[in-house]
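In what follows, chains carry the letters A, B, and so on, assigned in the order in which the sequence lines appear, proteins first and then strands, with residues in each chain numbered from 1.
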Amino acid sequence: MSSRPLCFSHSVIIDVLRAIVSRPISSNTTTVRCCSAKSYRHSNSRHQALFWQQQQQQQQLSWTNPHCITPSLGRRLYASRALSVPVMEEEVPEEEEDRWRDLESLIEQEPMNKDHSCTLNDTTATSASSLSSTTSSKGKLRRELYDGRIIDIPGYKLIKPKRGPRTVQDFNRSIKEAVMDHRMNKALSYVRKMESQELRPDAVSYTLIINGFSKLSDMKRAHKWYHRMKRNGIEPDVYTYTGLIDGYMRIADVANSENTFRTMMIKGIRPTLVTYNVLMHHSVRQLDVSTAVRFWSRLVDAGLQPDAYTFAIMMHGLGDEGRVDQAWRLYEEMKKENVDVNHVVATTLMGIHVKHHDNSYAIELFRKFFNESGGGKRLAPTSYTRNVMLNAVVANAKLSTIHEYYEQFLQELDKDKDNKPSRSLLFSGASVYTYTTFMRAFLRRDALPMVSQVYQDMRVRHVKPTMVTYAILMLTHAYIPDPDSCVRILNELKHAGFKPNVVLYTIVMRAWAKAGRWDEMKQTYADMKAANIEPSKSTMSVLQWGSEHNRFE
DNA sequence: CTCAACGCTT
């Protein structure tokens, strides 16, 4: 791989990408967004030329380094109104970290149990109590959520009375484990312990913490620990900066992304391929493919070679814009470049077809990449792959079939408990994604009690719900319609310190609208605006739908 | 191989 020619083939790819991006959408793929953007480009070509000229001048003024993030990115990201843009604030006092503990207590409360119209049946209740008794007796067996799976740790007692981490490496390993479980307080306690001992935390320790907060989009704390790191005389490295850039891009805070990038360059730290992949990833998620293409040429300019992730990110972006055939074209380019087709690329292709409801082809792709050894090597599916596959399988299935799959899933979990390796291609342990997929599948077939059932099963196994899980629960209540329960869940989330996004508010509004309670719907909308959350397209359609019905009554 | 990138919601 190292022997292949450098710049020539790369510049060919850039040309291909540029051609792909600027080419009109082929007739068999329909995406309103792309078409309108295209016509915009045509009708404004003179404006655009002027715009670019200004960009060039601005770039020379404010950016001295050729690898800087383009200034236009910020403006466009703000305009994309994908997310609200928080302002950087002062450092927060330590006590505020309680919100994670609050979440734990929220989970203990099992909020869906009490006044929920879809009641829990007896079998679950018994299995719930028996399982929680296993967990609470911390004697011989401990169940833990690890890497998205529930695992049993036998001989817990023998391992546990350890003296704790002794070296910096030990500590860092523990910190990493805690961060992976999203137990930030635990991770922080390790760092504080280190700081109070002679083992000073090193760059890895602080970076783990900073990246942990970045992943949770908690940039206030990420920034705070970045300061603490510097105050303690530890120099941030490229991992630290990449993590910060990732976090800022997650919350659409381009100004701070750019600042971080610039700081890194000033310190003479070169961005790596991962840094660019992160930027490209957020570009295709929140902006468009052509912005990502610009980063692609930046990374080539910097002498880096795109890898399978780079291609996968770009293919994903093309797929999202409805350019499925062009994603495949890029895939062909990638093979020509001898870049190894890995599981990420294969899964991305599957995901593209699932997204476009071409589920049978997605399943065929799974066979091709992950199940057939003929020709090339057989890839190993990850839990992500399995989830995409499950979504494809479940998409067109009858309700009874979904019940069967769910039973299978629960049986697999029991097998896991006995340490038998699971051979299922669809499930991978008790992942929140698997549960959520089933919840959505049951919701779509109006099997509301099953939505609740799956949620309970998930809780019983101590799998933490995500925002999406809550969104589906709220959707279920909106469907009934039981707007009060929607509001209750929303408030619980707020109380746990989470900031509900536009999707959650819109679901509550739908619930009010469906119940015919227009005033409350408008009030929810006002609350959302007050929380500085920009309405989305579907928010507006709910509003409009509500006002039309209101008028006719 | 003690640190970084991917999936689920209207």
Side-chain angles (χ1 to χ4, degrees), chain A residues 148 165 167-177 179-180 201-212 214-215 236-247 249-250 271-282 284-285 307-310 312-313 315-317 342-348 350-352 354-355 382-391 394 428 431-441 443-444 465-476 478-479 486 500-511 513 535-542 545:
Chain A
T167 64
V168 174
Q169 282 83 355
D170 279 350
F171 267 106
N172 287 346
R173 237 189 314 274
S174 303
I175 294 169
K176 187 191 174 188
E177 249 174 54
V179 168
M180 269 175 28
D202 64 1
V204 174
S205 324
Y206 284 113
T207 301
L208 281 166
I209 297 293
I210 291 165
N211 292 339
S214 290
K215 264 213 200 88
D237 60 14
V238 65
Y239 288 85
T240 323
Y241 288 115
T242 302
L244 282 170
I245 290 171
D246 175 43
M249 289 297 280
R250 253 172 225 264
T272 66
L273 182 61
V274 178
T275 317
Y276 286 103
N277 282 350
V278 165
L279 285 166
M280 286 172 61
H281 167 74
H282 290 292
V284 298
R285 291 254 69 116
D307 66 356
Y309 287 93
T310 321
I313 289 164
M315 284 157 58
H316 198 133
N342 66 5
H343 61 95
V344 179
V345 176
T347 311
T348 300
M350 283 173 62
I352 289 173
V354 171
K355 193 191 164 93
T382 63
S383 53
Y384 165 34
T385 315
R386 281 189 255 258
N387 186 252
V388 173
M389 181 66 177
L390 179 63
N391 274 295
V394 143
S428 54
S431 151
V432 62
Y433 299 117
T434 312
Y435 285 108
T436 309
T437 298
F438 275 114
M439 283 171 68
R440 199 188 58 224
L443 171 61
R444 284 192 179 155
T466 66
M467 283 278 211
V468 181
T469 318
Y470 286 116
I472 291 178
L473 276 182
M474 286 168 65
L475 272 173
T476 313
Y479 184 88
C486 284
N501 58 16
V502 57
V503 178
L504 297 187
Y505 275 105
T506 307
I507 292 170
V508 178
M509 284 170 59
R510 284 166 69 94
S536 70
K537 231 177 181 174
S538 48
T539 317
M540 299 319 283
S541 73
V542 172
W545 186 78

Using atom OH of A/Y505 as one end and atom C1' of B/dT10 as the other, report the distance to the nearest whole Å. 15 Å
Options B/dT2, B/dA5, B/dT10, nucleotide nearest the side-chain atoms of A/D246: B/dA5
Do the non-hydrogen side-chain atoms of A/N277 and A/D307 ever get within less than 4.5 Å of each other? yes
Categorize A/V503 for me: base, sugar-phosphate, or nothing, with a 4.0 angstrom heavy-atom threshold over every strand shown. base
Under 4.5 Å between any side-chain heavy atoms of A/V344 and A/Y309, yes or no? yes
Touch class at under 4.0 angstrom, heavy-atom based, for A/T506 against every strand present: base
Please state how far atom CE in A/M249 lies from atom P in B/dA5, giving the value in whole angstrom units. 15 Å
Can you name the one residue among A/I210, A/N211, A/V204 that meets side-chain contact (heavy atoms from CB on, under 4.5 Å) with A/T207? A/N211
A/R250 vs B/dC6: side-chain N/O to OP1/OP2 distance below 4.0 Å: yes
Heavy atoms under 4.0 Å, any strand shown: does A/D237 hit a base, just sugar-phosphate, or nothing? base
Ranking B/dT10, B/dA5, B/dC8 by distance to the side chain of A/Y309, first place goes to B/dA5
A/L273 atom CG is separated from B/dA4 atom P, nearest whole Å, by 15 Å
I want to verify a distance call: between B/dA5, B/dT10, B/dC8, whose nearest atom is closest to the A/T436 side chain? B/dC8
Quick one: A/D307 CG to B/dA4 C1', roughly how many Å, whole number? 13 Å
Sugar-phosphate, base or nothing in reach of A/T539, heavy atoms under 4.0 Å: nothing
Ignoring the backbone of A/N387, work out which of B/dC6, B/dC8, B/dT9 is nearest its side chain. B/dC8
Report which part of the nucleic acid A/T466 touches: base, sugar-phosphate, or nothing (heavy-atom distance under 4.0 Å, all strands). base
Nearest listed nucleotide, side chain of A/R285, among B/dT10, B/dG7, B/dA4: B/dG7
Under 4.0 angstrom between A/K355 side-chain N/O and B/dG7 OP1 or OP2: no
Give the rounded distance in Å between these two atoms: CG of A/N391 and P of B/dG7. 13 Å
Are A/P201 and A/F171 side-chain neighbours, meaning at least one heavy-atom pair lies under 4.5 Å? no
Per atom distances to the A/Q169 side chain, the nearest of B/dT2, B/dC3, B/dA5 is B/dT2
Rounding to a whole Å, what distance do you find between A/Y239:OH and B/dC1:P? 9 Å
Scan side-chain atoms only and decide if A/N172 and A/D202 contain a donor-acceptor pair under the 3.5 Å cut-off. yes
Rounded to the Å, how far apart are A/I209 CD1 and B/dC3 P? 15 Å
Check the distance between B/dC6's P and A/Y384's OH and give it to me in whole angstrom. 10 Å
A/H281 side chain: which of B/dC3, B/dC6, B/dC8 is closest? B/dC6
Within this structure, what is the NE2-CD1 distance for the pair A/H282 and A/I313, rounded to the nearest 0.5 Å? 9.0 Å
Select one nucleotide: of B/dC8, B/dT10, B/dA5, the one nearest the side-chain heavy atoms of A/R444. B/dT10
If you measure from CG on A/L390 to OG1 on A/T385, what distance do you get to the nearest 0.5 Å? 12.5 Å
Donor/acceptor link under 3.5 angstrom from A/T272 side chain onto base of B/dA4: yes
Applying a 4.0 Å non-hydrogen cut-off, can you work out what A/I313 is touching in the nucleic acid: base, sugar-phosphate, or nothing? nothing
Which listed nucleotide (B/dA5, B/dG7, B/dT9) is nearest to the side chain of A/Y433? B/dG7
Would you classify A/N342 as touching base, sugar-phosphate or nothing, given that sugar-phosphate means primed atoms plus P, OP1 and OP2, and contacts are heavy atoms under 4.0 Å? nothing
